[in-house]
Trainee: 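I'd like to ask some things about the structure below.
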There are 4 protein chains.
Amino acid sequence: MSGRGRGAVRSEVARVAVLQATAAQLAERGWDQLTIEGIAAAAGVGKPTIYRWWPSKSALIADALLEGILTPPSPVPGDTGDLRVDLVAWLDELLRLSADPESTALTRSLIAAAAEDEVVGRRLDAADPTSRVLTERLTRAHERGELAASASVEMIVDALIGAFVLRVLRRAVHAPGEAEALVETVLADQLG
Amino acid sequence: MSGRGRGAVRSEVARVAVLQATAAQLAERGWDQLTIEGIAAAAGVGKPTIYRWWPSKSALIADALLEGILTPPSPVPGDTGDLRVDLVAWLDELLRLSADPESTALTRSLIAAAAEDEVVGRRLDAADPTSRVLTERLTRAHERGELAASASVEMIVDALIGAFVLRVLRRAVHAPGEAEALVETVLADQLG
Amino acid sequence: MSGRGRGAVRSEVARVAVLQATAAQLAERGWDQLTIEGIAAAAGVGKPTIYRWWPSKSALIADALLEGILTPPSPVPGDTGDLRVDLVAWLDELLRLSADPESTALTRSLIAAAAEDEVVGRRLDAADPTSRVLTERLTRAHERGELAASASVEMIVDALIGAFVLRVLRRAVHAPGEAEALVETVLADQLG
Amino acid sequence: MSGRGRGAVRSEVARVAVLQATAAQLAERGWDQLTIEGIAAAAGVGKPTIYRWWPSKSALIADALLEGILTPPSPVPGDTGDLRVDLVAWLDELLRLSADPESTALTRSLIAAAAEDEVVGRRLDAADPTSRVLTERLTRAHERGELAASASVEMIVDALIGAFVLRVLRRAVHAPGEAEALVETVLADQLG
DNA sequence: GATTAATCGAGACGGTACGTCCAGTCTTGGA
DNA sequence: TCCAAGACTGGACGTACCGTCTCGATTAATC
């Protein structure tokens, strides 16, 4: 029950400053230009303090994700009772955001980080608020019978989020009707 | 009649060697560990020769994509006449491949490259053979009436490929029935 | 008696342009910063044209010395009949020049070139106008009996020019009386 | 009480290794072929460690001179009481050395360095052991009255060392009687 | 309250790769 | 056959970060 020894304890101030600096630098400069040195300087912290607690820049991002301070801008689907309408509105807003290079900078950085690092990849999935809010809305719909019992919430989420990710990667412009076509494709006659 | 063309001409040998070395190194070491120095050494070329013709490592990848020497392993959908069966088989094979970290190394590297660089992102979309073969199969199905006239081939492709990309990023293991569930979700009652 | 073959003959224009560019660049930028590329550009000549005729930048300087287009500013000793007075005046002027960093730039470049390259070293000795005019004045004095028969003109020249070179190397400022002291030391009672 | 001295301290081991490698490489390869990269490798040190503390290769040489680890081979004049004999013997030995290209390699490199760089030039003068030992012998002679009171030790040194430098630059071979002629010229009737 | 060990900031260290300049060679097309 | 132009391989440049290390100062649990 005792501690693991005498001596000073880990500085919470430093920990938080590092994670926030990580988030800020990742959004600002992207995964490739993200440097431990830069994070240390921005956090007002020595490099060894970072290396003492995190083995790599991936680990910093993974931690920042856990902390919830690394969330790209993301709309929340409404709940008017009409799933189709709610999803189209939500996806339209999401694609509108994705057409703005600034808004997608963090998203792209996170994709790059996930592609490069396994831990980030596994964690991003759970921490991403976009897929979480979508899953929640769909689960509610499923329970309420707005969605056919046979429908798979997980697969619908993957299809919609996946299509969004592709559009971010290809720097697609927002085309009108796109959201509707996508929702139509994925939901089709799965509505209850 | 031609231009001012005095002086030695660009070496085709060097150009091809560089692009092939780029492809090999990207598959081997990934986007982050990809170095111009390493490419130059592997290609038996001086660094300035690379910098003379390509401004960045992204440009190298974009060019290698154009050249078609940067294609991740990708199954080809069969054409038994039964679209559902063909797609499930194809997707099952694709997801099986994606469960093997070695097979997805190049895919992940390309995703990272696309996330970091706009030109790669735009070009990857067109150059990726996986989405191309899928598009071809679906277009044929559409024309034959295997698919409802109202269905959007583009959206189906985005949904399926997008879901695949997500699985690669999250290092998902291959679950049985997954391919079927995904195809069911996306095609639903869109079959003709 | 005819030429040595068909084809164009060496361009005298190019040869002279290269040597003059060499001289200009050496004075301007010094031995270390002297580049074949820079000389070629300044002379409006291709690099291979230089390498075809000269094996190294030392050879260029050696040739420019032969051509006499690489001579640092140098006073000429008067001949009033009084050797001591003439030498003091000449040396005083020389040391005054050597106190100005601009005037000694070429001298220092030539010393560096001579130190680095044997051919330049051997040739500089003969081509340097400063020691040549001094030798001439002293030889005349010797013949006229202004100088003791036992005196060695060569050694006097070496002592005076050598002391001058040391002053250039050590960036000495011109001290009044210096020239006189040096002449006195070297000539002492060698006057006729 | 002292300054703000936080952080790791400069490594003396690295400092000395760099200066010794500088001296070794300069003697081996000469000024022109002296590379920071080569020094770093020979010293077992990273390039940035050199650039952190020295702005240029000239500065390295200037520091090595200060440290006294950059001294060309140099005889010491005897003190038999007969200045003329001592100087002739000493100069003869010096010129014999200067006829051997290996022995003069370091001397020529230092001359080149002095010609290229002002700081080296100023410092070389004070650090060169050859002129120092000569100055000492002559000063002693002056004090003892072996040399005329009116004689200038400084000028005698400059004349002798200067003549030696010229011979090194012109790659002169050692001619018998040369030392005697030079001493005769410079000392003449200045003996006490 | 003194001891003591782990922390902190700062920053030097040996390295790797960067992107550039120039060396010296080779190739092309025009004179 | 020589010339200009310029691409080629290659090596060193000086810089930015990497990840490790050593400092002196600070902090808090243990004695």
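Here is the naming used below: chain letters follow the sequence lines, and residue numbers restart at 1 for every chain. Because the structure is a prediction, the values reported are computed rather than measured.
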Trainee: Figure out the CG/P separation between A:Leu34 and F:dA16, and round it to whole Å.
Mentor: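 After rounding, the reported distance stands at 18 Å.
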Trainee: In whole Å, what is the span from the CD1 atom of C:Ile39 to the C1' atom of E:dC22?
Mentor: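 It works out to 12 Å between those atoms.
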Trainee: Which comes earlier along DNA chain E counting from the 5' end, the contact point of B:Pro55 or that of D:Pro48, where each point is its nearest nucleotide?
Mentor: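 Checking each residue's closest nucleotide, the 5'-ward one belongs to D:Pro48.
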Trainee: Which is more 5' along DNA chain E, the nucleotide nearest A:Ser11 or the one nearest B:Val9? Just name the residue.
Mentor: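 On the 5' side of the pair lies A:Ser11.
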Trainee: Would you mind checking if A:Glu116 and A:Lys57 are paired as a salt bridge, meaning a charged N to carboxylate O distance below 4.0 Å?
Mentor: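 No, this pair does not count.
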Trainee: Compare side-chain N and O positions of C:Thr49 against OP1 and OP2 of F:dA4 and report whether any pair is under 4.0 Å apart.
Mentor: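 Looking at the OP1 and OP2 atoms of F:dA4, one of them is under 4.0 Å from a side-chain N or O of C:Thr49.
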Trainee: Where is the tightest heavy-atom contact between B:Ala40 and B:Gly46, given as atom of each residue plus distance?
Mentor: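 Between these two residues, the closest heavy atoms are CB-C, 4.3 Å.
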Trainee: Looking only at the side chain of B:Tyr51 (C-beta and beyond, no hydrogens), which of the listed nucleotides F:dT15, F:dT20, E:dG19 gets closest?
Mentor: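 Nearest listed nucleotide: E:dG19.
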Trainee: Touch check for D:Gly38, heavy atoms < 4.0 angstrom, all strands: base, sugar-phosphate only, or nothing?
Mentor: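 No contact.
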Trainee: Is the distance from OP1 or OP2 of E:dA6 to the nearest side-chain N or O of A:Arg10 less than 4.0 Å?
Mentor: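 Checking E:dA6 against A:Arg10, no side-chain N or O comes under 4.0 Å of OP1 or OP2.
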Trainee: Once you round it to whole Å, what is the distance between P of E:dG19 and CH2 of B:Trp54?
Mentor: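 It works out to 15 Å between those atoms.
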Trainee: Output the rounded distance in Å from CD (C:Glu37) to P (F:dA4).
Mentor: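 For the pair C:Glu37 CD and F:dA4 P, the rounded distance is 15 Å.
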Trainee: Ignoring backbone atoms, establish whether C:Arg52 has a side-chain N or O less than 4.0 Å from OP1 or OP2 of F:dC2.
Mentor: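 So the side-chain polar atoms of C:Arg52 never come under 4.0 Å of the phosphate oxygens OP1 or OP2 of F:dC2.
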Trainee: CD of A:Gln33 versus P of F:dC18: gap in Å, rounded?
Mentor: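 Distance, rounded to whole Å: 11 Å.
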Trainee: Classify the nucleic acid contact of B:Thr35 as base, sugar-phosphate or nothing, counting any heavy atom under 4.0 Å across all strands shown.
Mentor: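 Sugar-phosphate, no base atom in range.
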Trainee: Once you round it to whole Å, what is the distance between P of E:dA10 and NZ of A:Lys47?
Mentor: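 In whole Å, E:dA10 P lies 13 Å from A:Lys47 NZ.
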Trainee: Once you round it to whole Å, what is the distance between P of E:dT25 and CD1 of C:Ile50?
Mentor: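 One finds 13 Å between P of E:dT25 and CD1 of C:Ile50, rounded.
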Trainee: May I ask you to decide if B:Pro101's main-chain N or O and B:Arg171's side chain share a donor-acceptor pair within less than 3.5 Å?
Mentor: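 Side chain of B:Arg171 to backbone of B:Pro101, a donor-acceptor pair under 3.5 Å: no, none is there.
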Trainee: Just verifying a value: how many Å separate C:Leu34 CG and C:Ser109 OG, rounded to the nearest 0.5 Å?
Mentor: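 Rounded to the nearest 0.5 Å, the CG-OG separation comes out at 8.5 Å.
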Trainee: How many Å lie between CG on C:Asp32 and P on F:dC13, as a whole number?
Mentor: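 Whole-Å distance recorded here is 12 Å.
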Trainee: Please figure out whether A:Ile36 or B:Gly44 has its closest DNA chain F nucleotide nearer the 5' end.
Mentor: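 The 5'-side residue here is B:Gly44.
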Trainee: Is the terminal nitrogen or CZ of B:Arg15 (NZ for Lys, CZ for Arg) located under 6.0 angstrom from the six-membered ring centre of B:Trp53 and within 45° of that ring's axis?
Mentor: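 Here B:Arg15 fails the 6.0 Å and 45° test against B:Trp53.
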Trainee: Where the side chain of C:Ala14 is defined as all heavy atoms beyond and including C-beta, which of F:dT22, E:dG14, F:dA4 is the nearest nucleotide?
Mentor: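 Output: F:dA4.
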Trainee: What nucleic acid atoms does D:Trp53 come within less than 4.0 Å of, heavy atoms only: base, sugar-phosphate, or nothing?
Mentor: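 D:Trp53: backbone/sugar contact only, no base atoms under 4.0 Å.
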